[in-house]
Structure formats: C-alpha cells, structure tokens
A.B. asks: 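Take this structure first; my questions come after.
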Amino acid sequence: MTNAQEIIVVGGDGFCGWPTALHLSKLGHNVTIVDNMSRREIDKIMGADSLTPIASMKDRLIAWKDQTGRTIKFEKIDVAHEFERVLALLSSVNPDTIIHFGEQRAAPYSMRGVTEKRYTVDNNISATHNLLAASVELGLDPHFIHLGTMGVYGYDDDGIEIPEGYLPVYIPGDNNKIYQRDILYPTNPGSVYHMTKSMDQLLFQFYAKNDSLRITDLHQGIVWGTQTDETKLDERLINRFDYDGDYGTVLNRFLMQAVVGHPLTVHGTGGQTRAFIHIQDTVKCLALAVGNPPARDGKVAILNQMTETHTVRSLAELVAKTSGAQIANVDNPRNEAAENDLRVSNKTFFSLGLKPVTLAEGLMNETQEIAAKYARRCIHKMIPCVSTWTDNQRPGVVHRDDKQVA
Ligand code: NAD
Ligand code: USQ
C-alpha cells in the first residue's frame, strides 16, 4: 500500500475503535491507539461486562503483532482531562489523521442520573475540544474525523429525507432579494448523549472556519455485529459485545436475548425506525474517510454513515422468526416517539465505493453464533433497560397529576 499515514485512534479500545485500528493497521497505516479505558471501568462499576471476553490492551497488541507482524502503539490518556499529555502525544506523532471515537456513547447511561449527565457532557465536550485546540496550538494540520450520530436530528417523522449535514435556506433580505444560506441541519437530540454530539458540531464549525482545520463528521447509525475480518484472526483480538440495558444496542441485544432464552425486549410498540450499519462496514467507511479528506474550504464534511433502516418491531419479528424467541412489549423507559418513519441520504459513502453487508446477508447468524459461544458469560440481571428518561417513568413513582395516591 502507498500513502501510509500516521493515524491516532482516540477511543481505540472500544467497540468501533478497536476493529477500526486493526483495519487501518492492516492497510499499512501507522496506528497509535489512545484510550483512558473508562469504558471498561464503567462496566466494572455497573457490574456488567462484554459478552465476549475482551483481552487486556497489552495482550490485544501482542496478538496483533503475532498474527500480522505489525505494531500498533498505545497511550493511556484521558483526552478530556490530560491536556498536557494530549499536546505531548500530538507533538511527537504529528498525525496525518486523528479519528475521534473517545466519548461516552450510551444514551441510557447518559440519562441515568445527574452524575452520568454531567460526566457525559464534561467528558464528551472536553475530549472533542481538547483534541481540536491541541492541534491548533501546535500548528499541526491533521484531518480530524469524528464519530457523530444519526440521532442528533431526532425522530420527528416529518417526511423529509435527512441530508448530509446541511440545509439550504432562502431568506428574504431588506432589498427584496432572496439570499441562500447552507445552515447545519437543525438538531433535535433525544438524550444528553445525543445532545453532546449536537454540541460537537458547533465546535467543528468554528475550528473549520477559524483555523481551516479539515474535519469530517460521520453521522453513524446503530452499529450491529461484533466481528470483522481482523478481529476474527485470533481470540485475543475479539471485539466487545455489549448487551446490558445501558450499552447494549437494540439488534445485538435481540440476537443475544434469543440465544439465552430471554424474551425480546421491544420498547412500546416497536414502531421506532432507526438507521443501522454492520461493524464490518463501519471499519470500511473509516478507511474511505481516511483516504478522502475534505477540501480546506472552511466547511465541515458531514457524511451519513448508515446502510439501512428498520423498525424495532420488524427486527424483533425477524429474530423471533429465525430463532423461535418470544417477543415482550415492555414499557418504554425513554422519552421518544412511539412510531416514526426515517429517510436518510447516504450517497457520499456509496459514491466512494462502499458495498455494504445488509441484514439479509447472513451476518445475523454469525452474530448469534458468537453470542451462543459466550452465552455462559451472560449476567442476566443486566439485561433489562432500567435507566429512565424522566422521574415519572421510574417504577413506583406517583405522577403529580394522578388522582389516586397509591
Ligand atoms: P465504546 O464506549 O465502546 O468506545 C469508546 C471508547 O472511548 C472507550 O474505549 C472509552 O474508554 C474511550 N473513551 C471515552 N472517553 C475517553 C476519554 N476522555 N479519553 C480517552 N478515551 C476515552 O463506544 P463505541 O460503540 O465504540 O462508539 C465509538 C464512537 O462512535 C462514539 O463516539 C459513539 O458516539 C459513536 N457511535 C457509536 C455507535 C454504536 O452503535 N456503537 C453508533 C453511532 C455512533
Ligand atoms: N430499544 C428497544 N429495546 C431494547 C433496546 C432499545 O426497543 O432492548 C429501542 C430504543 O427505545 C430505541 C431504539 O431501540 O428506540 C434504538 O436504541 P439503541 O440503544 O439501539 O440505540 P441508541 O440509543 O440510539 O444509541 C446507539 C448507540 C449510540 C449511537 C446511536 C446511533 O449507543 O452511540 O449514537 O445508536 S443513532 O440511533 O442513529 O443515533
């Protein structure tokens, strides 16, 4: 491969970051992972764990070297709070690309209580800003790639296809002329976590304009699956598989629930439509983004990184049909529309050559095989979603306008 880059993968111990780091290393790039291991700490505090047995970072990197002969470097740094260390690292690596996965990414965790709300805002906003500010302070010129989320736009069901970042608006001026502006497509976040991703967008807008940083913001849908070509090479390289009520995402939860004999936990009617992408395509999209930095024109490149949409209900029905699992419609702990449509423009990745794997193409079986292999590790009490969006949704809470007091 030509054009090997120096790439820093922040959050490279996580579900998306780890397989991305491996994929980019395999392509010949020089990869440095940065992570503060907070995700593993949160699991310990919650009493949860990845369904798959994830090796220590040291063993992961030894396994990668054993399998491929390639070296990935690792620095344990909290990028939200250790600014001097971020400066020192960026200065020594002088990265061509920084990929930023290093945020608290669970919507339910961000809604657990005030401690988790404050942690999510503090961690995510400071992490993003420190990386941008450090690059500018050092006079570096990295292509900055951030993992954002489809959910910044909310699910209002207004029949409009969500564009890739920008909305042309036409404003009548005082002189009877009509002026066109491309504004950031309005956000309408549905959790404190999604709110931090909306706020990140303004940081990017400012640094692209003021300091001419080249920034790509990938608005990713819900990632499913667990293994990629690289993580399959050795059991010590296995990716994490979250299934608990806060960090487990819906399709992976259903696939493992079917395996361990738990009814599929559909929130409400299951009429919520969401965007999805397989982890194998996540790593391919990242490689495409690395190879295609945006022009230095003061404008953030915003790409929708998703390959298909489904309702929660249809996913549950599909999993139930193939596995015989029962479906349980449970009270929705979230404050979200019960039913919505969703249309998303994802033309950029397709124009760059992405050929996605879809649900129909058999990877659901592979994910269930992994879940079955490690089903004995399941901590059943961690399956229910107990983080609620408002106090009123907590079990046993008497609503202010209830006539009868229980
Ligand atoms: P993850 O929690 O598995 O990984 C995030 C990693 O970042 C963890 O290893 C964590 O320890 C690290 N981290 C967090 N704060 C840090 C800090 N201050 N300093 C250094 N490291 C820090 O999450 P993921 O599923 O891999 O998601 C990665 C990114 O992709 C997130 O920003 C998330 O918002 C985005 N995303 C994820 C999904 C999904 O379905 N998993 C979908 C859309 C977008
Ligand atoms: N849901 C169920 N049953 C469950 C779990 C979830 O019905 O057992 C429902 C939720 O109520 C919601 C939908 O499934 O309507 C999706 O929930 P999720 O937990 O799979 O996904 P979400 O909270 O949106 O967050 C995940 C990732 C986040 C990422 C986001 C992409 O955790 O990091 O940003 O997907 S997106 O949804 O496109 O914004």
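Every number for a ligand or one of its atoms is a count from 1 in the order of the listing. Positions are given from 1 along the sequence. Computed from a predicted structure; not experimentally measured.
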A.B. asks: Under a 3.5 Å cutoff, is there a donor and acceptor pairing between the side chains of Q104 and S110?
C.D. replies: no
A.B. asks: Does ligand 2 come near enough to G151 that some N or O of the ligand is less than 3.5 Å from an N or O of the residue?
C.D. replies: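 Yes, there is a polar N/O contact under 3.5 Å.
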A.B. asks: Below 4.5 Å, heavy atoms only, C-beta onward: do L315 and F276 meet side chain to side chain?
C.D. replies: yes
A.B. asks: Judged by non-hydrogen atoms, does K197 sit under 4.0 Å from ligand 2?
C.D. replies: no
A.B. asks: Using only heavy-atom distances, determine whether the side chains of T348 and E164 contain a donor-acceptor pair under 3.5 Å.
C.D. replies: yes
A.B. asks: Can you tell me which residue and heavy atom of the protein come closest to atom 11 (O) of ligand 1, and the distance to 0.1 Å?
C.D. replies: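 In this structure, atom 11 (O) of ligand 1 has D35 OD1, 2.6 Å as its nearest protein heavy atom.
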A.B. asks: Identify the closest protein heavy atom to atom 42 (C) of ligand 1: which residue and atom is it, and at what distance?
C.D. replies: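 In this structure, atom 42 (C) of ligand 1 has G221 O, 3.0 Å as its nearest protein heavy atom.
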A.B. asks: Using side-chain contact (heavy atoms from CB on, under 4.5 Å) as the criterion, point out the one residue from V152, N124, D122 that pairs with T196.
C.D. replies: N124
A.B. asks: Please determine, by modelled atom types, if Q67 and D234 share a side-chain donor-acceptor pair under 3.5 angstrom.
C.D. replies: yes
A.B. asks: Which heavy atom of the protein is the closest neighbour of atom 36 (S) of ligand 2, given with residue, atom name and distance?
C.D. replies: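 Result: T149 OG1, 3.4 Å.
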A.B. asks: Which of these, F276, F101, W224, has its nearest heavy atom closest to atom 29 (C) of ligand 1?
C.D. replies: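 Looking at heavy atoms only, the winner is F101.
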A.B. asks: Record the part of Y247 in heavy-atom contact with ligand 2 below 4.0 Å; permitted values are side chain, backbone, both and neither.
C.D. replies: neither
A.B. asks: Give the atom numbers and elements of ligand 1 that come within less than 4.0 Å of a heavy atom of R39.
C.D. replies: 2 (O), 8 (C), 9 (O), 10 (C), 11 (O)
A.B. asks: Would you please say whether a donor-acceptor pair under 3.5 Å links the side chains of H278 and T307?
C.D. replies: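 No donor-acceptor contact under 3.5 Å links the two side chains.
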A.B. asks: Which residue and non-hydrogen atom of the protein lie closest to atom 18 (P) of ligand 2, and at what distance in Å?
C.D. replies: R334 NH2, 3.8 Å
A.B. asks: If you count the atoms of ligand 2 from 1 in the order shown, which ones are under 4.0 Å from a heavy atom of Y155?
C.D. replies: 36 (S), 37 (O), 38 (O), 39 (O)
A.B. asks: So which heavy atom in the protein is nearest atom 37 (C) of ligand 1, and how far is it from that ligand atom?
C.D. replies: Q220 NE2, 3.7 Å
A.B. asks: Less than 3.5 Å apart, any donor N or O on the side chain of T390 or N392 sitting next to an acceptor on the other?
C.D. replies: no
A.B. asks: Is H267 touching ligand 2 with its side chain, its backbone, both, or neither, if touching means heavy atoms under 4.0 Å apart?
C.D. replies: both
A.B. asks: Just to check, does M306 reach to within less than 4.0 Å of ligand 2 when the distance is taken from its heavy atoms?
C.D. replies: no
A.B. asks: Provide, to 0.1 Å, the distance between atom 4 (O) of ligand 1 and the closest protein heavy atom, together with that atom's residue and name.
C.D. replies: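 Looking only at protein heavy atoms, the one closest to atom 4 (O) of ligand 1 is G14 CA, 3.3 Å.
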A.B. asks: Heavy-atom distances under 4.0 Å decide this one: backbone, side chain, both or neither, for R105 against ligand 2?
C.D. replies: both
A.B. asks: What atoms in ligand 1 come closer than 4.0 Å to a heavy atom of L147?
C.D. replies: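 Result: 29 (C), 30 (O), 32 (O), 35 (C).
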A.B. asks: I'd like to know if the side chain of R377 reaches the main chain of L51, judged simply by a donor and an acceptor atom lying under 3.5 Å from each other, with no hydrogens or angles considered.
C.D. replies: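 Answer holds: yes.
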A.B. asks: How far is atom 13 (C) of ligand 2 from its nearest protein heavy atom, and which residue and atom is that?
C.D. replies: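 For atom 13 (C) of ligand 2, the nearest protein heavy atom comes out as V312 CG2, 4.0 Å.
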A.B. asks: Closer than 4.0 Å to some heavy atom of R274 - which atoms of ligand 2 meet that?
C.D. replies: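 The list of qualifying atoms is 15 (O).
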A.B. asks: Using a 4.0 Å cut-off to any heavy atom of A80, which atoms of ligand 1 qualify?
C.D. replies: 18 (N)
A.B. asks: Has R39 got its NZ or CZ under 6.0 Å from the middle of the six-membered ring of Y247, at an angle within 45 degrees of the ring axis?
C.D. replies: yes
A.B. asks: Residue-level breakdown please: for N123 versus ligand 1, do any non-hydrogen atoms fall below 4.0 Å on the side chain, on the backbone, on both, or on neither?
C.D. replies: side chain
A.B. asks: List the closest protein heavy-atom neighbour of atom 3 (N) of ligand 2: residue, atom name, distance to the nearest 0.1 Å.
C.D. replies: T265 O, 2.6 Å
A.B. asks: Is it true that W224 and T367 share a donor-acceptor pair across their side chains at a distance under 3.5 Å?
C.D. replies: no
A.B. asks: For the residue pair T231 and N239, confirm or rule out a side-chain donor-acceptor distance under 3.5 Å.
C.D. replies: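 Side chains of T231 and N239: no pair found under 3.5 Å.
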A.B. asks: Would you sort out whether R313 and E339 count as a salt bridge (Lys or Arg N to Asp or Glu O under 4.0 Å), showing the intermediate values?
C.D. replies: CA-CA 10 Å; R313 182 166 56 224; E339 307 263 334; 3.1 Å; yes
A.B. asks: Less than 3.5 Å between some nitrogen or oxygen of Q257 and one of ligand 2, yes or no?
C.D. replies: no
A.B. asks: Of all the non-hydrogen atoms in the protein, which one sits nearest to atom 23 (O) of ligand 1, and at what distance?
C.D. replies: R105 CG, 3.1 Å
A.B. asks: To which protein heavy atom is atom 32 (O) of ligand 1 closest, and what is the distance rounded to 0.1 Å?
C.D. replies: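 Residue, atom and distance for the closest contact: K197 NZ, 2.7 Å.
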A.B. asks: How does H100 reach ligand 1, by side chain, by backbone, by both or by neither, if only non-hydrogen atoms under 4.0 Å count?
C.D. replies: neither
A.B. asks: Show the atoms of ligand 1 that are less than 4.0 angstrom away from any heavy atom in I77.
C.D. replies: 19 (N), 20 (C)
A.B. asks: Which residue and non-hydrogen atom of the protein lie closest to atom 26 (O) of ligand 1, and at what distance in Å?
C.D. replies: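 Here the closest protein heavy atom is C16 N, 2.7 Å.
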A.B. asks: Does a donor on one side chain sit under 3.5 Å from an acceptor on the other, for Q368 and S323?
C.D. replies: no
A.B. asks: Between H23 and T20, do the side chains contain a donor N or O and an acceptor N or O under 3.5 Å apart?
C.D. replies: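 T20 vs H23: no donor-acceptor pair found between side chains.
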A.B. asks: Looking at atom 27 (C) of ligand 2, what's its closest protein heavy atom, distance included?
C.D. replies: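 Its nearest protein heavy-atom neighbour is T249 CG2, 3.8 Å.
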A.B. asks: Considering non-hydrogen atoms of the protein only, which is the closest contact for atom 38 (O) of ligand 2, and what is the distance?
C.D. replies: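 Closest protein heavy atom to atom 38 (O) of ligand 2: M150 CB, 3.2 Å.
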A.B. asks: At under 4.0 Å between heavy atoms, which part of V250 makes contact with ligand 2: side chain, backbone, both or neither?
C.D. replies: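 Both parts.
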A.B. asks: Using a 4.0 Å heavy-atom cut-off, say whether F276 meets ligand 2 through its side chain, its backbone, both or neither.
C.D. replies: neither
A.B. asks: List the closest protein heavy-atom neighbour of atom 21 (O) of ligand 2: residue, atom name, distance to the nearest 0.1 Å.
C.D. replies: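 I find the closest protein heavy atom is I222 CD1, 3.6 Å.
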A.B. asks: Can you tell me the protein heavy atom closest to atom 19 (N) of ligand 1 and the distance?
C.D. replies: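 Result: V79 N, 3.1 Å.
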A.B. asks: For a quick check under 3.5 Å, do Q272 and E336 share a side-chain donor-acceptor pair by atom type?
C.D. replies: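 Q272 vs E336: donor-acceptor pair found between side chains.
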A.B. asks: At the 4.0 Å heavy-atom cut-off, does G270 count as touching ligand 2?
C.D. replies: no
A.B. asks: Taking only heavy atoms of G221, which atoms of ligand 2 are found under 4.0 Å from at least one of them?
C.D. replies: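 That gives atoms 31 (C), 38 (O) of ligand 2.
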A.B. asks: Using the rule given for side-chain contact (heavy atoms from CB on, under 4.5 Å), can you reason through Y109 versus M46, listing the C-alpha separation, both sets of side-chain angles and the distance that settles it, and then say yes or no?
C.D. replies: CA-CA 10 Å; Y109 186 80; M46 292 196 307; 4.0 Å; yes
A.B. asks: What are the atoms of ligand 1, with element, lying closer than 4.0 Å to any heavy atom of M37?
C.D. replies: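 Matching atoms, with element in brackets: 11 (O).
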